[in-house]
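Here is the structure we will look at, set down as structure tokens.
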Amino acid sequence: MSDSNTTNFTNPSTFILLGIPGLEAAYIWISIPFCAMYTIAMLGNFTILFIVKREPSLHEPMFYFLCMLAITDLVISTSTVPKMLSIFWFNSREISFSGCLTQMYFIHSFSAMESGILVAMAFDRYVAICNPLRYSMILTNSVVAKIGLAVVLRSGILALPYPFLARQWPYCRTNIIPHSYCGHMAVVKLACTDIRISSYYGLFDLFSEIGMDVFFITVSYTQILRAIFRLPTKDARLKTFGTCISHLCAILALYIPDLFSSLTQRFGQNVPLHFLVLIVSVYLLVPPVLHPIIYGVRTKQIRGRLLQLFTHKET
């Protein structure tokens with residue numbers, strides 16, 4: 001680490017992740033909630049996958065999309081948290097240049113996939129409420145598979161420029177990243193050249209993907225609300241709207257932390273670095289932790305199968 005941090009180099013062989021600069025003395029304490037959240041995310045999402053796979057009555061579009069969401073949550077949390085914990089526990093701060101770019105790609109592509117899956121789930125709710133008689137005809141297994149493939153391709157292709165742009169910049173200042181993982185802006189800020197292309201592309205990707213997804217979700221829920229308000233009784237309206245609550249909570253759990261994190265990284269110059277890094281590190285874990293809890297509590301079919309599973313074990 002002696003000269004490698006300051007000598008001129010085009011592509012450093014390794015980067016050094018500092019974790020959360022300024023809070024090194026509290027790493028053990030910080031690692032406890034991170035480890036707990038990661039454990040909850042892993043158990044919760046694997047439980048959803050297990051229940052849906054085991055229960056034939058859940059083999060329908062809504063739960064297929066939920067399984068896709070669980071898989072993306074598992075990938076996002078696993079691509080970041082183990083490395084964070086190794087920094088907190090073992091001071092293992094080195095990450096290879098290729099490993100850093102790979103982590104960057106997985107973070108950005110799977111975060112976008114989450115957003116795309118929430119759009120697919122909004123479409124599912126729209127068809128279920130506005131065209132219930134044609135639900136099984138519209139959302140066939142083939143259509144669900146095509147929607148899933150489209151989400152994966154869109155996210156994978158739009159995330160490709162992140163590592164390619166980061167790889168082409170010259171890094172002649174330092175290879176020390178004051179962060180706990182290899183986010184795009186955290187890496188390219190180390191380059192000793194004009195990185196406006198990277199910054200502009202990041203903003204374009206954020207607002208085009210999130211903006212487009214929020215637009216389609218808004219259109220879906222506008223139609224859903226119109227259909228709900230046409231129902232004859234208040235009980236029917238509340239019952240129908242209740243089927244959307246889980247999805248709406250999942251949307252808030254993803255978009256609010258994501259937008260806050262992206263904007264503070266670019267425009268939070270006056271925010272203390274340790275606070276900024278801590279918030280950005282936590283935000284990646286918020287959706288993977290909350291999604292299985294939201295769907296486990298709010299979705300009657302999953303809650304029922306989960307209770308059956310535990311009562312079976314007790315008896």
Same apolar cluster (I L V M F W Y, side chains within < 4.5 Å links), [X]/[Y]:
X	Y	answer
Trp169	Tyr200	no
Leu101	Ile197	yes
Ile28	Leu285	yes
Phe50	Leu43	no
Ile32	Leu284	no

Does [X] reach the main-chain N or O of [Y] with its side chain, forming a donor-acceptor pair under 3.5 Å?
X	Y	answer
Ser155	Met113	yes
Ser86	Lys83	yes
Ser77	Leu74	yes

Who pairs with Phe229 by side chain to side chain contact (heavy atoms under 4.5 Å, CB included), at least two apart in sequence or on another chain?
Leu225, Arg237
Val286 meets the side chain to side chain contact (heavy atoms under 4.5 Å, CB included) criterion, sequence neighbours left out, with Pro257, Val282, Leu290
Looking at Phe34 versus Phe88, is the centre-to-centre ring distance below 6.0 Å?
yes
Do Tyr162 and Tyr201 have ring centres separated by under 6.0 Å?
yes
Neighbour count >12 (heavy atoms, 6.0 Å) for atom OH, Tyr255
yes
Other residues, nucleotides, ligands: >12 heavy atoms within 6.0 Å of Tyr135 OH
yes
Using a 4.5 Å cut-off on heavy atoms from C-beta on, say whether the side chain of [Y] contacts that of [X].
X	Y	answer
Ile87	Leu17	yes
Phe46	Pro292	no
Thr78	Met42	yes
Arg167	Phe97	yes
Thr14	Ile95	no
Phe123	Val119	no
Glu55	Ile302	no
Thr140	Met137	no

Walk me through it: do Leu254 and Leu118 pass the test side chain to side chain contact (heavy atoms under 4.5 Å, CB included)?
CA-CA 9 Å; Leu254 176 67; Leu118 290 179; 3.5 Å; yes
How close do [X] and [Y] get, counting heavy atoms only, and between which atoms?
X	Y	answer
Ile117	Phe65	CG2-O, 3.5 Å
Leu18	Tyr27	O-OH, 2.7 Å
Arg125	Met62	NH2-SD, 3.7 Å
Cys182	Ile177	SG-CD1, 4.1 Å
Cys130	Ala227	SG-CB, 3.8 Å
Ala166	Val187	CB-CG1, 4.5 Å

Worked verdict on Leu139 versus Ile147 for side chain to side chain contact (heavy atoms under 4.5 Å, CB included):
CA-CA 10 Å; Leu139 282 173; Ile147 291 173; 4.2 Å; yes
Do Thr72 and Leu69 pass the side chain to side chain contact (heavy atoms under 4.5 Å, CB included) test, and can you show the C-alpha distance, the side-chain angles, and the key distance before you say yes or no?
CA-CA 5 Å; Thr72 59; Leu69 190 66; 4.2 Å; yes
Let me confirm one number: the [atom1]-[atom2] distance from [X] to [Y], rounded to the nearest 0.5 Å.
X	Y	atom1	atom2	value
Glu60	Leu58	CD	CG	7.0 Å
Ser79	His108	OG	NE2	10.5 Å
Phe15	Tyr171	CZ	OH	5.0 Å
Leu190	Asn175	CG	CG	8.0 Å
Asn131	Tyr126	CG	OH	5.0 Å
Cys244	Ile224	SG	CD1	4.5 Å

I'd like to know whether Tyr64 forms a side chain to side chain contact (heavy atoms under 4.5 Å, CB included) with Asn141, so could you lay out the CA-CA distance, the side-chain angles of the two residues, the decisive distance to 0.1 Å, and finally the verdict.
CA-CA 9 Å; Tyr64 290 147; Asn141 287 345; 3.4 Å; yes
Evaluate Ser180 against Ser281 for side chain to side chain donor-acceptor pair (under 3.5 Å), listing each step before the verdict.
CA-CA 7 Å; Ser180 54; Ser281 300; 2.5 Å; yes
What pairs of residues pass the side-chain hydrogen bond (donor to acceptor under 3.5 Å, both in side chains) test when at least one of them lies in residues 210-224, not counting sequence neighbours?
Ser115-Asp213, Arg154-Asp213, Tyr221-His247
